[in-house]
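Shown next, in structure tokens, is the structure this report addresses.
What you are looking at is a predicted structure, and each value in this text was computed from that prediction instead of being measured. The analysis underlying the following values was restricted to heavy atoms, covering all of them including side chains, and did not include hydrogens, waters or symmetry mates. For ligands, and for the atoms within them, numbers begin at 1 and follow the listed sequence.
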Amino acid sequence: MVSASCSPVTETILNFIDGSYRKGSEGKSFPNVNPATGTEIGVVHEASQADVADAVAAAKAALAGPWGKMTTAERVKLIAAVATEIERRADDFLAAEVADTGKPRHVASHIDIPRGAANFRMFADVVSTMPGESFNTSPPDGGQALNYTVRKPKGVVAVVCPWNFPLLLMTWKVGPALACGNTVVVKPSEETPRTAALLGEVMNAVGMPKGVYNVVHGFGPGSAGEFLTSNPDVDAITFTGETGTGQAIMRKAAIGVRDISFELGGKNPAIVFADADLAKAVEGLSRSVFLNTGQVCLGTERVYVERPIFDAFVARMAAAAQGFKPGVTGDRAYLGPLISAEHREKVLGYYRRAVEDGATVVTGGGVPEISGAEASGFFVEPTLWIDVAHGDTVMREEIFGPCCGIVPFDSEDEVIALANDTVYGLCASIWTENLSRGHRVAAAMDVGVCWVNSWFLRDLRTAFGGSGHSGIGREGGVHSLEFYTEITNICVKL
Ligand SMILES: NC(=O)C1=CN([C@@H]2O[C@H](COP(=O)(O)OP(=O)(O)OC[C@H]3O[C@@H](n4cnc5c(N)ncnc54)[C@H](O)[C@@H]3O)[C@@H](O)[C@H]2O)C=CC1
Ligand SMILES: O=C(O)/C=C/C=C(\O)C(=O)O
């Protein structure tokens with residue numbers, strides 16, 4: 001078998017189709033760059049339209065093969081084995097993820113890789129324990145009838161992924177899709193192809209039938225992303241990424257009336273009331289602004305602070321921000337790079353725009369001085385702004401970098417209105433020691449997920465997703481089953 005060639009010291013990253021690693025049939029490839037150093041570390045083989053069609057055909061054929069005939073118990077056993085194998089090869093996944101993203105090893109080893117395994121194990125549990133629905137019905141003739149549901153896989157699911165948490169966000173979709181009996185064709189981000197490719201080795205190692213899991217590499221328009229989402233044999237599309245991309249995919253999904261599940265961008269607010277535990281709020285919010293260098297859809301980019309504690313909060317956040325040192329120091333890094341030179345230019349554009357619009361830079365605002373191999377990495381300084389107006393671009397548009405605007409407020413009603421005045425609706429966090437207020441304000445947030453006195457505290461059984469421009473549908477626990485299965489209601493006249 002040709003291997004995934006995913007170690008950071010080797011160069012070739014291949015497509016995975018019908019259980020085998022393959023070069024692109026048109027001989028096209030593109031470079032794989034380590035964002036921490038800006039250097040080319042591999043070559044990715046781009047899938048042609050014919051390769052994508054092969055992957056979809058393999059996925060379709062697998063539905064009719066041994067995979068489609070397995071009992072839930074047999075399927076779940078294989079999926080649990082995938083989780084165990086990811087854990088056994090955690091070092092390989094870690095190396096692949098760090099090479100692609102440049103993110104600090106401690107971030108990938110604590111968040112990305114364990115979640116990659118947990119996403120399979122958790123959904124194996126969910127499908128094993130999922131009760132069906134049934135109703136005793138009284139027909140007009142005075143007899144009885146029984147209604148009950150059976151769930152079936154939707155079929156071939158296209159999984160289109162972003163680059164910020166490559167393994168985590170891909171398995172968040174592949175785990176439930178396979179647990180429900182579907183087959184998948186994954187299109188990882190062109191920036192981060194390695195862990196999706198490596199997962200092919202895991203699938204083969206545990207004996208997953210050929211064609212159940214496929215990976216095609218490439219870009220969006222005119223490449224693997226578009227080829228996949230417009231293939232008529234794809235039955236459903238799940239996507240995480242930018243809102244504009246979601247709209248493009250939605251147009252393709254309309255052909256053939258295919259189901260979609262979208263987790264898109266955000267401009268997430270945090271609200272800090274004067275009675276908050278300030279130390280906890282600063283610790284939580286500095287993570288929510290700077291974790292993964294701000295490249296988190298759930299990240300906070302707007303912070304509203306009740307006026308009496310505004311100055312103290314800003315001072316403490318500035319101190320916390322200065323503790324995040326850009327650069328990678330051995331195994332321990334404080335703030336990793338942005339994903340690409342292009343993304344850094346986008347983030348720096350917002351840094352400039354904030355100042356042009358009149359913001360005061362509390363800390364950061366530029367490119368750090370770094371020596372050694374990381375000098376040409378895509379780093380930026382962690383950045384905080386005050387004196388930002390509600391209508392300023394940096395308070396309206398998703399930046400996806402390590403920065404936020406901090407704004408004072410005077411009343412609960414005012415801050416709820418400010419927080420909700422956005423086209424997005426992904427998540428929010430509320431910081432207060434007043435429990436009633438915490439519940440009240442959380443319920444008033446127009447978002448899919450709201451944390452009180454925490455952030456990114458995830459229970460994989462809960463509903464996850466956003467409203468407005470932040471997405472369509474919810475995934476997580478039984479909510480994933482709603483998307484990854486079709487229901488047939490059976491009505492039996494007794
Ligand atoms: N989780 C999130 O909310 C994320 C948000 N973003 C935001 O999106 C911005 C752009 O990042 P990108 O990686 O370029 O996001 P993107 O949304 O363009 O790409 C995400 C995935 O969609 C694919 N894709 C792009 N256009 C497509 C099309 N027309 N049809 C099918 N597939 C398509 C890409 O190849 C990639 O696999 C970032 O600067 C950030 O603001 C990026 C990554 C994750
Ligand atoms: O915990 C999750 O399932 C998701 C976390 C992060 C994102 O969705 C994202 O940054 O895109």
Side-chain angles (χ1 to χ4, degrees), residues 30 44 46-47 52 101 111-112 114-116 118-119 122-123 158-173 175-176 185-193 196 215-231 234 237-253 260 262-268 288 291-299 301 338-340 342-347 349-350 397-401 424 426-427 448-449 451 455-466 469-471 474-477 479-480:
F30 56 93
V44 190
E46 186 176 348
V52 173
T101 60
I111 299 179
D112 302 59
R115 258 298 290 284
N119 285 337
M122 194 275 296
F123 285 106
V159 179
V160 184
C161 307
W163 41 256
N164 52 336
F165 292 106
L167 181 70
L168 184 161
L169 288 172
M170 185 255 297
T171 53
W172 175 241
K173 295 167 181 303
V185 180
V186 175
K187 213 299 277 171
S189 167
E190 51 274 36
E191 310 283 0
T192 54
V215 181
V216 290
H217 296 297
F219 304 86
S223 183
E226 185 179 346
F227 301 151
L228 178 61
T229 51
S230 47
N231 187 305
V234 165
I237 303 168
T238 177
F239 167 70
T240 299
E242 201 196 1
T243 302
T245 309
Q247 288 171 339
I249 292 177
M250 207 167 172
R251 283 190 279 274
K252 299 293 177 193
I260 49 171
F262 283 174
E263 203 249 287
L264 308 175
K267 189 73 188 174
N268 309 307
S288 80
L291 177 75
N292 215 37
T293 319
Q295 301 168 119
V296 186
C297 67
L298 307 167
E301 293 195 358
L338 294 172
I339 192 68
S340 62
E342 186 190 2
H343 188 51
R344 179 164 76 165
E345 201 34 58
K346 174 181 159 185
V347 171
Y350 282 109
E397 296 180 8
E398 182 183 53
I399 300 172
F400 230 60
Y424 293 108
L426 188 53
C427 73
V449 181
W451 283 283
W455 175 78
F456 207 175
L457 178 55
R458 295 279 286 115
D459 180 328
L460 307 186
R461 296 167 299 182
T462 60
F464 183 85
H469 288 204
S470 291
R474 297 290 182 274
E475 296 194 31
H479 305 280
S480 293

Problem set entry | Test of proximity, V160 against ligand 1: N or O pairs below 3.5 Å |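 No, since none of the N or O atoms of V160 sits under 3.5 Å from an N or O of ligand 1.
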Exercise. Does any N/O atom on E263 come nearer than 3.5 Å to any N/O atom on ligand 1?
Worked result: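 For ligand 1, there is no N or O atom that lies under 3.5 Å from one belonging to E263.
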For this session: Drop me the distance from C427's SG to W451's CH2, to the nearest 0.5 angstrom.
Result: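 It comes to 5.0 Å.
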For this session: Would you please test I339 and T192 for side-chain contact (heavy atoms from CB on, under 4.5 Å) and show each step?
Result: CA-CA 9 Å; I339 192 68; T192 54; 4.0 Å; yes
Exercise. For ligand 2, is any non-hydrogen atom under 4.0 Å from V296's backbone (N, CA, C, O), its side chain (CB onward), both, or neither?
Worked result: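 It is both backbone and side chain that touch ligand 2.
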Exercise. Using a heavy-atom cut-off of under 4.0 Å, does the side chain or the backbone of L169 touch ligand 2, or both, or neither?
Worked result: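 For L169, only side-chain atoms sit under 4.0 Å from ligand 2.
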Out of all atoms in ligand 1, which are within 4.0 Å of some heavy atom of [X]? Include the element for each.
| X | answer |
| --- | --- |
| E226 | 30 (N), 31 (C) |
| T240 | 1 (N) |
| K187 | 34 (C), 35 (O), 36 (C), 37 (O) |
| L264 | 3 (O) |

Exercise. Judged by modelled atom types alone, do T238 and E475 share a side-chain donor-acceptor pair under 3.5 Å?
Worked result: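 Side chains of T238 and E475: pair found under 3.5 Å.
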Exercise. Relative to each other, are the rings of H343 and F400 parallel, tilted or perpendicular (30° and 60° limits)?
Worked result: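 If you compare the ring of H343 with that of F400, the planes turn out perpendicular.
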Nearest protein heavy atom with distance in Å, relative to [atom]:
| atom | result |
| --- | --- |
| atom 36 (C) of ligand 1 | C161 O, 3.3 Å |
| atom 43 (C) of ligand 1 | P162 CB, 3.5 Å |
| atom 3 (O) of ligand 1 | C297 CB, 3.1 Å |
| atom 32 (N) of ligand 1 | G225 CA, 3.6 Å |
| atom 34 (C) of ligand 1 | E190 OE1, 3.5 Å |
| atom 33 (C) of ligand 1 | G220 CA, 3.4 Å |
| atom 10 (C) of ligand 1 | E242 OE1, 4.1 Å |
| atom 9 (C) of ligand 2 | C297 SG, 2.7 Å |

pair [X]-[Y]: side-chain heavy atoms closer than 4.5 Å:
| X | Y | result |
| --- | --- | --- |
| V347 | L338 | yes |
| Q295 | F165 | no |
| V296 | W455 | yes |
| M250 | F262 | yes |
| E46 | F219 | yes |
| R115 | T171 | no |
| M170 | P188 | no |
| T101 | P166 | yes |

Exercise. Please walk me through it: do K173 and S480 pass side-chain hydrogen bond (donor to acceptor under 3.5 Å, both in side chains)?
Worked result: CA-CA 8 Å; K173 295 167 181 303; S480 293; over 6 Å; no
Applying a 4.0 Å heavy-atom criterion (strictly less than), which segment of [X] is in contact with ligand 1: side chain, backbone, both, or neither?
| X | answer |
| --- | --- |
| H343 | side chain |
| L169 | neither |
| A224 | neither |

For this session: In plain terms, say whether K267 and E397 are close enough for a salt bridge, that is, a side-chain N and a carboxylate O under 4.0 Å apart.
Result: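 Here K267 does not pair with E397 in a salt bridge, since their nearest N and O are not under 4.0 Å apart.
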Exercise. Is the closest heavy atom of P188 to ligand 1 under 4.0 Å?
Worked result: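 Within the 4.0 Å threshold, so yes.
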Exercise. Does ligand 1 have an atom under 4.0 Å from some heavy atom of F239?
Worked result: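 Yes, F239 has heavy atoms under 4.0 Å from ligand 1.
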Identity of the nearest option to [atom], non-hydrogen atoms only, from [options]:
| atom | options | value |
| --- | --- | --- |
| atom 17 (O) of ligand 1 | T229, I237, T245 | T245 |
| atom 2 (C) of ligand 2 | E263, E475, R458 | R458 |
| atom 9 (C) of ligand 1 | K346, E191, E398 | K346 |
| atom 12 (P) of ligand 1 | F227, W163, F400, F165 | W163 |
| atom 4 (C) of ligand 2 | W172, F165, F464 | F464 |

Problem set entry | Sidechain-backbone polar pair: S189 side chain, E191 backbone, donor-acceptor under 3.5 Å |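 Judged by distance alone, yes, a pair lies under 3.5 Å.
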Exercise. What atoms in ligand 2 come closer than 4.0 Å to a heavy atom of N164?
Worked result: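 Matching atoms, with element in brackets: 9 (C), 10 (O), 11 (O).
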For this session: Over all heavy atoms of both residues, which pair between P162 and T240 is shortest? Give the atoms and the distance, please.
Result: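 Where P162 meets T240 most closely, the heavy atoms are CD-O, 3.3 Å.
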For this session: May I ask whether R115 places a heavy atom under 4.0 Å from ligand 2?
Result: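 Judged by the 4.0 Å heavy-atom criterion, R115 does count as contacting ligand 2.
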